[in-house]
Structures are given as C-alpha cells and as structure tokens.
2 protein chains.
Amino acid sequence: MALRVRKNKAVIPPACPIDEGVKLLGGAWTPHVIWFLSQQPRRFSELRKDIPGLSARVLSARLRQLQDRGVITRTPLSTSPPSVEYALTELGRELLPAITALVSVALKLNAKPRPR
Amino acid sequence: MALRVRKNKAVIPPACPIDEGVKLLGGAWTPHVIWFLSQQPRRFSELRKDIPGLSARVLSARLRQLQDRGVITRTPLSTSPPSVEYALTELGRELLPAITALVSVALKLNAKPRPR
DNA sequence: CCGGATCCATTTGGATACTG
DNA sequence: CAGTATCCAAATGGATCCGG
C-alpha cells in the first residue's frame with residue numbers, strides 16, 4: 001500500500017495576542033483553579049477537595065502551566081507532613097476581572113430564551 | 001475477549017457559570033471571529049480571508065455555535081450571487097471588554113522574563 | 001457563495017497505580 | 001501529602017469532496 005502521506009495539520013501559527021489570552025484559561029478546570037486561589041492560597045489536596053472531579057494528573061498539569069506563565073506561585077512548606085502552597089501572583093489577580101466579565105455575559109446569555 | 005467496559009469519562013457536569021463563560025471563547029479561532037466581527041459585519045468568505053488557516057468546516061462550526069449562543073446574528077442576503085452576513089449581537093459586543101482584558105494580561109505576562 | 005458530510009491525525013484529559 | 005507514569009477514550013479540528 002502506497003504510503004499515503006496525508007499532509008494533515010500542516011499549517012501556521014496564528015501568533016495573535018488574542019490566542020495567548022484565551023490560552024491562559026484554556027485547559028479544563030483552569031478557571032476553577034484560579035477562582036479558588038483568588039479567595040485564598042490553597043494547598044494541592046485542598047484544591048482537589050474544592051473541585052470534585054478534578055484528577056490529580058490534571059490539577060498537577062494546570063498548576064504547572066499556570067506557574068510557567070507567571071499566574072501563580074508555588075511555595076513548598078517545611079511542615080510535617082510537608083505541604084505546598086499555591087497562590088495567585090499580582091498578574092494572576094488581574095485575570096479576575098476578565099473572568100467575571102466572561103461570566104456575567106454567560107449568565108445573561110443563559111437567561112435569554114434564544115430568540116431565534 | 002472479555003469486553004472490558006471501561007467506565008472512563010463517567011462523571012459530573014461542573015455546572016458552574018465560569019465554565020459557561022470560558023466555553024463562549026473555547027473553540028479554535030473563536031476569539032478571532034468575534035474580533036473581526038466586532039469591527040464590522042462580515043460575510044462568510046470575507047471571514048475566511050480575514051483569518052488565514054481557518055477552514056470552512058471550522059468557521060462554519062464556530063459561526064453556528066456563536067449563533068446558537070446568541071452572540072452573533074446570521075442574515076442571508078438576496079443578492080446575486082447570494083451571500084450571508086454575520087454580525088455581533090448586543091450581548092456579543094459585551095464580550096469585547098472581557099477579551100481585551102484577557103489580552104492585556106497576556107501581553108504583560110509575555111513581557112515578563114519569567115522570574116522563576 | 002455557503003456550508004454540510006466524511007475521514008482521519010492530533011490533543012486533551014480521565015482512571016488507576018505508584019513513588020519520594 | 002504531593003505529585004508522576006501509563007494507558008486509553010473522547011473531543012477537536014484539518015483536508016477534501018459534494019450539494020444547494
């Protein structure tokens with residue numbers, strides 16, 4: 001069989017600031033994590049309890065990427081048993097207005113009976 | 001072969017307004033579409049030219065879901081050749097502040113040299 | 001010109017088990 | 001407690017073809 005190459009998914013990076021912004025909240029549960037951290041710094045297992053259904057694997061992934069993007073800080077504490085505290089950075093807190101704006105539009109849209 | 005059922009993906013809807021908000025901008029290219037429509041009403045093929053790399057299939061899907069959510073309107077025009085015009089609704093325009101807020105945070109984050 | 005249908009590659013993230 | 005590793009199901013979206 002002639003090895004059909006299938007050049008699928010070949011193309012371009014959009015390289016637009018809009019995408020960057022949306023990617024900040026992109027992954028599953030990301031907004032929840034930011035939301036709970038905005039109320040107070042939290043530890044790993046506290047976040048798991050805060051957000052039922054969120055697996056350790058995904059929480060771990062989200063925390064890492066938020067950290068990489070400078071949205072949250074990670075602070076290991078020398079307690080016994082050892083624990084790690086996560087908190088929003090200054091810039092992270094600046095995401096909150098954007099999130100609440102999104103939410104308020106979503107609420108209005110849900111309220112609408114879809115005029116169609 | 002014992003038919004392993006694999007109850008994967010079993011659980012819960014978060015049912016949180018935050019998710020709803022994020023879903024408004026969730027799909028690929030969604031923010032781009034909203035952005036270009038915010039500048040002026042546009043036709044299908046104009047949007048395709050505005051956004052290189054966006055396939056007809058996906059543009060079609062995005063337009064439909066934005067329409068279903070009440071963010072944009074779709075107006076077929078009896079021109080020759082026939083064309084269809086898309087525009088933001090009132091509520092759709094309310095998404096713009098949220099988008100720009102997100103973008104401005106993203107720009108600041110990119111500027112940071114990742115303090116580590 | 002608009003956009004649906006089909007086919008498929010890539011990505012995402014849930015379940016589970018395990019380690020320091 | 002705080003994660004990491006493996007395995008796999010489902011969702012996403014690109015390419016291409018086709019019909020209204």
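By convention in this document, chain letters (A, B, ...) are assigned in the order of the sequence lines, proteins followed by strands, and residues within each chain are numbered from 1. Note that these values count all heavy atoms, side chains included, but never hydrogens, waters or copies made by symmetry. The structure displayed is predicted, hence computed values, not measured ones.
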Q: How many angstroms lie between atom CG of B:L95 and atom CG of B:L88, to the nearest 0.5 angstrom?
A: 8.0 Å

Q: Quickly work out the B:L25 CG to D:dT12 C1' distance and round it to whole Å.
A: 17 Å

Q: From CZ of A:R62 over to C1' of D:dG3, roughly how many Å is that when rounded to an integer?
A: 15 Å

Q: Please write out each protein N/O paired with an N/O of nucleotides 3-6 of chain C under 3.5 Å, distance rounded to 0.1 Å.
A:
| unit_1 | atom_1 | unit_2 | atom_2 | d |
| --- | --- | --- | --- | --- |
| C:dG3 | OP1 | B:R74 | NE | 2.7 |
| C:dG3 | OP1 | B:R74 | NH2 | 2.4 |
| C:dG3 | OP1 | B:Y86 | OH | 2.9 |
| C:dG3 | OP2 | B:Y86 | OH | 2.6 |
| C:dG4 | OP1 | B:R64 | NH2 | 2.7 |
| C:dG4 | OP2 | B:S60 | OG | 2.7 |
| C:dG4 | OP2 | B:R64 | NH2 | 2.9 |
| C:dG4 | O5' | B:R64 | NH2 | 3.3 |
| C:dT6 | O4 | B:R57 | NE | 3.1 |

Q: Whole-Å distance between C:dT12 P and A:L59 CG?
A: 17 Å

Q: What do the steps show when you test B:I18 against A:L102 for side-chain contact (heavy atoms from CB on, under 4.5 Å), and what is the final call?
A: CA-CA 8 Å; B:I18 290 182; A:L102 236 34; over 6 Å; no

Q: In a table with atom names and distances, give each donor-acceptor pair under 3.5 Å that connects a side chain of residues 49-60 of chain B to protein atoms at least two apart or in another chain.
A:
| unit_1 | atom_1 | unit_2 | atom_2 | d |
| --- | --- | --- | --- | --- |
| B:D50 | OD1 | B:R42 | NH2 | 2.7 |
| B:D50 | OD2 | B:R42 | NE | 2.9 |
| B:D50 | OD2 | B:R42 | NH2 | 3.0 |
| B:S55 | OG | B:V58 | N | 3.3 |

Q: Starting from P on C:dG13, measure out to CG on B:D19 and report it in whole angstrom.
A: 12 Å

Q: I want to check one thing: is the phosphate of D:dA2, taken as OP1 and OP2, less than 4.0 Å away from some side-chain N or O of A:S45?
A: yes

Q: Can you list the residues that meet the side-chain contact (heavy atoms from CB on, under 4.5 Å) rule with A:S83, with sequence neighbours excluded?
A: A:R43, A:L77, A:T79

Q: Could you note down all residue pairs passing salt bridge (Lys or Arg N to Asp or Glu O under 4.0 Å) where residues 22-41 of chain A supplies at least one of them, sequence neighbours left out?
A: A:E20-A:K23

Q: Which distance, rounded to the nearest 0.5 Å, do you find between the CZ of A:R62 and the CD1 of A:I72?
A: 11.5 Å

Q: Once you round it to whole Å, what is the distance between C1' of D:dG13 and CD1 of B:I51?
A: 15 Å

Q: Could you check how far NZ of B:K23 sits from C1' of D:dT12, rounded to whole Å?
A: 15 Å

Q: Please state how far atom CZ in A:R48 lies from atom P in D:dG3, giving the value in whole angstrom units.
A: 12 Å

Q: So, is B:W29 close to the D:dT12 phosphate, meaning a side-chain N or O under 4.0 Å from OP1 or OP2?
A: no

Q: Measure CD/B:Q67 against P/C:dC2 and give the value in whole Å, please.
A: 15 Å

Q: Return each pair, listed once, that meets salt bridge (Lys or Arg N to Asp or Glu O under 4.0 Å) where at least one residue sits in residues 84-102 of chain A; pairs must be two or more places apart or across chains.
A: A:E90-A:R93, A:E94-B:K108

Q: Quick one: are the ring centres of A:W29 and A:H32 less than 6.0 Å apart?
A: yes

Q: Rounded to the nearest 0.5 Å, what separates atom CG in A:L63 from atom OG1 in A:T30?
A: 9.5 Å

Q: Bend across the helix from C:dC1-D:dG20 to C:dG20-D:dC1, to 10°, with axes taken over 5 pairs at each end?
A: 50°

